[in-house]
Amino acid sequence: MGSSYTIWHVDVSDLSEKTMVSMVETLLQKEGYAPCEDSTPECKTIFLLHKPGTRWMTLWDQDTSTLSIKDLKKRTQQLSKHFQTTAIASMVYASDVTAMYVHSASLNRQDLVVLDPGQGYAAEIGYNPRTCAGKPSIWRAVLGCDAHALRGLWDQEETFAEEKLSKIHKLLGLDDPSNSILICEQQPAVAPLGYTLTKRTFKLPHKKETAKLQHLGPPIIDWKSGTLYVVWNEQTVFSFLNRGGPETGLYFFLESPLFETHDFLFSEVTIMRRKIFRGNINRFHPEDYLCQKAHLQKEVSTDCKSVRMVARFDDFPIPEGLPAHLESSLSPQKAMDAWYEREILVYVTIYGDEQLQSDISAFLVPIHTTEEAKHRGQFAQLIDRNRLHAKIQEGMKPSR
């Protein structure tokens, strides 16, 4: 699906570094955000990158990886009016769409350009192709850029939207957005030579939508993706997705006929979920995840006819769910983002005799739910690496 991000530039020519930061904090507090520590759950983090003595401050908000055009314009106007100057929003969507919006409160000028090859994302991010072609003359009036050169870059074909946006920023005298985000995502984030980098964390305001989720009822943990094979002595990742309401506490079960006749060793089970999704699954930030570990214990049924392995996570918070009817109403990109925001991952390794083969099932069940919910598990085959390769090769053979 590619990368998605949004970044802003604000004209701070006449402001000190202290005033610049203070004004951003004031704007967020007006919207209901409260300053907090990094470790606070349900928080958002913003970064301000600026080279003292220069015109533009870069603002990156980790919560704005995917925005509608309407929200993009709204937030840019808020910045422009609050600072009483010019603000520019730059957005990449799915590595296919480049969108830019300029708003100048001091000059009372604004313009939007959306560069979407094939116009395939109009419905997803909410724009009218007939009114988003952009007017280079306005950008020239506000920024003093070469209007002809700007139109040339807008019309130029690029493989990725990130590449197009980088060239446009260079023409406009703005920092490269991809580089700015990489700087902010370093652990710890370190400003380049000659720049200042300010990080602020805010607790999210109470969501009015919370009441709407009550109709989802108890959690319903569904398998998210099909794990077809579990390979002996290699780590397996099971992926689950909640379809119901939020709750706390989970069981992880493994069931196989082999457990009734053989003893095996298991790694410690690791369960994790995201606390924040930055819009790019290829970048891993440990602080973005909630992670817990537990050991599998053998559990024998009351009639002594079945055996299963159980790990218990009593205080693991189950995120609010993504009901199937809501998922089907989302665009593919937004549905994918919703999955990544809510998915629960379970990591485990089974150590044993690679000559044995068996069916195996994995279940993730809310502690305070009924046994009937267990049918939503992942069903797989426990095999060795060589047999897995053989099955893959068999599946690649052309059909006759």
Problem - Contact check, side chains of Arg151 and Leu153, non-hydrogen atoms, under 4.5 Å - result: no
Practice task
Compare all side-chain heavy atoms of Leu265 with those of Ile350 and state whether any distance is below 4.5 angstrom.
Solution key: no
Exercise for the section: Determine yes or no for a side-chain-to-main-chain donor-acceptor pair under 3.5 angstrom, with Arg200 supplying the side chain and Glu25 the backbone. Expected result: no
Practice task
Kindly state whether the ring of Phe266 and the ring of Phe259 have centres lying under 6.0 angstrom apart.
Solution key: yes
Exercise for the section: Decide if the gap between the ring center of Trp232 and the ring center of Phe264 is smaller than 6.0 angstrom. Expected result: yes
Practice task
Dump the intermediate steps for side-chain contact (heavy atoms from CB on, under 4.5 Å) on Ile360 and Leu254, then the final yes or no.
Solution key: CA-CA 7 Å; Ile360 187 169; Leu254 282 177; 4.2 Å; yes
Handout entry: Donor-acceptor contact present, side-chain Ser80 to main-chain Ala105, <3.5 Å
Key = yes
Practice task
Would you check if the side chain of Ser267 reaches a backbone N or O of Thr349 as a donor-acceptor pair within less than 3.5 Å?
Solution key: yes
Fill in the blank from the handout: Heavy atoms of Lys293 and Thr270 approach each other most closely as NZ-OG1, 2.9 Å
Exercise for the section: Please determine, by modelled atom types, if Ser16 and Thr19 share a side-chain donor-acceptor pair under 3.5 angstrom. Expected result: yes
Problem - For Trp56 against Val12, the heavy-atom pair lying closest together - result: C-CG2, 4.3 Å
Fill in the blank from the handout: Applying salt bridge (charged side-chain N to carboxylate O under 4.0 Å, His left out) to Asp263 and not counting sequence neighbours gives Lys298
Practice task
Return the orientation label for the Phe313 and Phe316 ring planes: parallel under 30°, perpendicular over 60°, tilted otherwise.
Solution key: perpendicular
Handout entry: Check: Thr98 and Phe160 side chains under 4.5 Å, non-hydrogen atoms
Key = no
Handout entry: Pair His169, Ser90: side-chain N/O donor-acceptor within cut-off below 3.5 Å
Key = yes
Handout entry: Distance (rounded to the nearest 0.5 Å) between Thr6 OG1 and Leu59 CG
Key = 11.0 Å
Handout entry: Glu158-Gln156 side chain donor-acceptor pair, cut-off 3.5 Å
Key = yes
Practice task
Determine yes or no for a side-chain-to-main-chain donor-acceptor pair under 3.5 angstrom, with Asn242 supplying the side chain and Pro319 the backbone.
Solution key: yes
Handout entry: Gln84 atom CD, over 12 foreign heavy atoms within 6.0 Å
Key = yes
Exercise for the section: Could you check if a side-chain atom of His50 sits within less than 4.5 angstrom of a side-chain atom of Tyr195, using non-hydrogen atoms only? Expected result: no
Practice task
Check whether any side-chain heavy atom of Met100 lies under 4.5 Å from a side-chain heavy atom of Ile168, and answer yes or no.
Solution key: yes
Handout entry: Taking every non-hydrogen atom, the tightest pair across Ala133 and Val113
Key = O-CG2, 3.6 Å
Exercise for the section: Measure across Val190 and Ile183 and return the closest heavy-atom pair with its distance rounded to 0.1 Å. Expected result: O-CG2, 3.4 Å
Practice task
Taking only Lys NZ, Arg NE, NH1 and NH2, and the carboxylate oxygens of Asp or Glu, determine whether Asp111 and Lys135 approach each other closer than 4.0 Å.
Solution key: no
Exercise for the section: Assess whether side-chain hydrogen bond (donor to acceptor under 3.5 Å, both in side chains) is satisfied between Gln77 and Tyr101, documenting all intermediate values. Expected result: CA-CA 9 Å; Gln77 290 168 10; Tyr101 176 65; 2.9 Å; yes
Exercise for the section: Work out which heavy atom in Pro136 is nearest to a heavy atom in Leu150; give both atom names and the distance. Expected result: CA-CD2, 4.3 Å
Exercise for the section: Could you verify whether a donor N or O on one side chain and an acceptor N or O on the other, from Glu17 and Thr196, lie under 3.5 Å apart? Expected result: yes
Practice task
Report yes or no: do Ser95 and Glu162 form a side-chain donor-acceptor pair below 3.5 Å?
Solution key: yes
Exercise for the section: Taking the side chain as every heavy atom from C-beta outward, state whether Met57 and Val24 have any atom pair closer than 4.5 Å. Expected result: yes
Practice task
Please answer whether the main-chain N or O of Pro317 pairs with a side-chain N or O of Arg273 as donor and acceptor at a distance below 3.5 Å.
Solution key: yes
Practice task
Give a yes or no on whether the backbone of Thr85 and the side-chain of Ser106 come within a donor-acceptor separation of less than 3.5 Å.
Solution key: no
Exercise for the section: Decide whether His9 and Thr58 meet the rule of one side-chain donor and one side-chain acceptor closer than 3.5 Å. Expected result: yes
Exercise for the section: Measure from the side-chain N and O atoms of Asp11 to the backbone N and O of Ala87, and report whether any donor-acceptor pair falls under 3.5 Å. Expected result: no
Exercise for the section: Taking all heavy atoms of Ala147 and all of Ser137, pick out the closest pair and write down the distance. Expected result: CB-N, 4.4 Å
Handout entry: Sidechain N-carboxylate O distance under 4.0 Å for Glu341, Arg274
Key = no
Exercise for the section: Go through the side-chain N and O atoms of Asp175 and Ser180 and say whether any donor and acceptor fall under 3.5 Å apart. Expected result: no
Problem - Side-chain donor-acceptor contact under 3.5 Å, Tyr93 with Asp116 - result: no
Problem - Phe240 vs Phe363 side-chain heavy atoms within contact, under 4.5 Å - result: no
Exercise for the section: Would you mind reporting whether Met309 and Glu255 have side-chain heavy atoms less than 4.5 Å apart? Expected result: no
Problem - Tyr351 with Leu296, same ILVMFWY side-chain cluster at under 4.5 Å - result: no
Exercise for the section: Spell out, as yes or no, whether a donor-acceptor pair under 3.5 Å connects the side chain of Lys164 to the backbone of Trp154. Expected result: yes
